[in-house]
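Letters A, B, ... are given to chains in the order of the sequence lines, protein chains preceding strands, and every chain is numbered from 1.
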Amino acid sequence: AQSVAQPEDQVNVAEGNPLTVKCTYSVSGNPYLFWYVQYPNRGLQFLLKYITGDNLVKGSYGFEAEFNKSQTSFHLKKPSALVSDSALYFCAVLAQAAGNKLTFGGGTRVLVKP
Amino acid sequence: DGGITQSPKYLFRKEGQNVTLSCEQNLNHDAMYWYRQDPGQGLRLIYYSQIVNDFQKGDIAEGYSVSREKKESFPLTVTSAQKNPTAFYLCASSIGLNEQFFGPGTRLTVL
């Protein structure tokens, strides 16, 4: 069975500082990895994905993520956080061996303080 | 949220009552999904459909039912058999293994 772990329930960072949200995964076969962001009482918005190719993936709103196969990680990063980045972030993994179903981590709440 | 609509935004259910949540997409996506989100938890898959007139159970299908008669529509019925239905329900759609696009959600509350 595939699984995703987001070890931090909440991350606090000062505006302008680097932001990192951690994600590790377990899956059979090659993973398809995704990051989503959710604002209060809204649906999820897609940020970026890794399917194949370059391990560093760039996405929306200045976010990027690095795929590390040996550590089975896919951490989300932003060089300089904004107050408007405060939201709930979800990592997700999809594998063909699991019937193309997307499995989500528990989410990490990011709070960026001015 | 563009391209996928969910209605209503808020829904209240009495004990023993079935309710149906609507999900419509105009993205021409083949696959559609229903998730449940509880406070402090991630999303859990209820049902999914990869093609019209076909659907599969997800991880928490008990007490729910779906239909997929049209490509654009994937309604979810929360039956009286679902003992703890209060949650935020999210519908999504996708093409193949690409990213899923989510609707704005329906918040269901049991009175």
Side-chain angles (χ1 to χ4, degrees), chain A residues 1-10 21-25 27 29-53 57 59-60 63 65 74 87-109, chain B residues 1-11 21 23-25 27 29-51 54-61 87-109:
Chain A
Q2 59 190 31
S3 64
V4 178
Q6 294 182 240
E8 300 158 316
D9 290 336
Q10 182 160 323
V21 186
K22 296 180 180 178
C23 171
T24 59
Y25 66 91
V27 67
N30 294 323
Y32 293 66
L33 295 157
F34 303 84
W35 275 103
Y36 289 86
V37 61
Q38 184 181 33
Y39 296 96
N41 296 312
R42 301 290 298 276
L44 275 66
Q45 296 178 28
F46 168 74
L47 283 178
L48 50 79
K49 66 182 177 184
Y50 172 83
I51 294 179
T52 187
V57 178
S60 305
F63 284 95
F74 190 55
L88 188 57
Y89 291 80
F90 289 100
C91 181
V93 65
L94 182 152
Q96 291 178 284
N100 295 346
K101 292 190 294 182
L102 200 59
T103 298
F104 286 85
T108 298
R109 188 165 302 281
Chain B
D1 300 342
I4 300 182
T5 58
Q6 290 186 241
S7 62
K9 186 172 183 178
Y10 299 97
L11 185 58
L21 284 59
C23 178
E24 304 277 332
Q25 55 100 358
L27 300 170
H29 287 173
D30 289 315
M32 297 187 74
Y33 312 82
W34 274 106
Y35 294 92
R36 170 180 171 141
Q37 184 178 24
D38 293 284
Q41 297 189 33
L43 278 68
R44 292 182 290 170
L45 182 64
I46 305 172
Y47 268 98
Y48 64 107
S49 168
Q50 295 184 332
I51 196 170
D54 188 38
F55 49 82
Q56 289 78 39
K57 293 182 179 180
D59 301 318
I60 55 165
F88 191 48
Y89 291 85
L90 289 161
C91 179
S93 69
S94 72
I95 294 179
L97 301 178
N98 290 308
E99 62 272 21
Q100 295 181 12
F101 290 82
F102 284 81
T106 292
R107 188 166 297 281
L108 174 62
T109 303

Please state whether the side chain, the backbone, both or neither of B:Asn98 comes within less than 4.5 Å of a heavy atom of chain A.
both

Strictly distance-based, threshold 3.5 Å: is any side-chain N or O of A:Gln6 a donor or acceptor partner for the main-chain N or O of A:Tyr89?
yes

Main chain of B:Glu99, side chain of B:Ser94: is a donor-acceptor contact present, judged purely on distance under 3.5 Å?
no

Donor-acceptor contact present, side-chain B:Trp34 to main-chain B:Gly58, <3.5 Å:
no

Heavy-atom cut-off 4.5 Å, strictly under: side chain, backbone, both or neither for B:Leu43 against chain A?
both

Top contributor to chain A contacts, counting heavy-atom pairs under 4.5 Å, from B:Lys9, B:Gln100, B:Gln6
B:Gln100

Tell me whether the guanidinium CZ or amine NZ of B:Arg107 lies under 6.0 angstrom from the six-membered ring centre of B:Phe88 and within 45° of its axis.
yes

Turns out that what part of A:Asn41 lies under 4.5 Å from chain B's heavy atoms comes down to both

Top residue by heavy-atom pair count (under 4.5 Å) with chain B, among A:Leu94, A:Thr103, A:Leu102?
A:Leu102

B:Ser49 side chain to B:Asp54 backbone, donor-acceptor under 3.5 Å:
yes

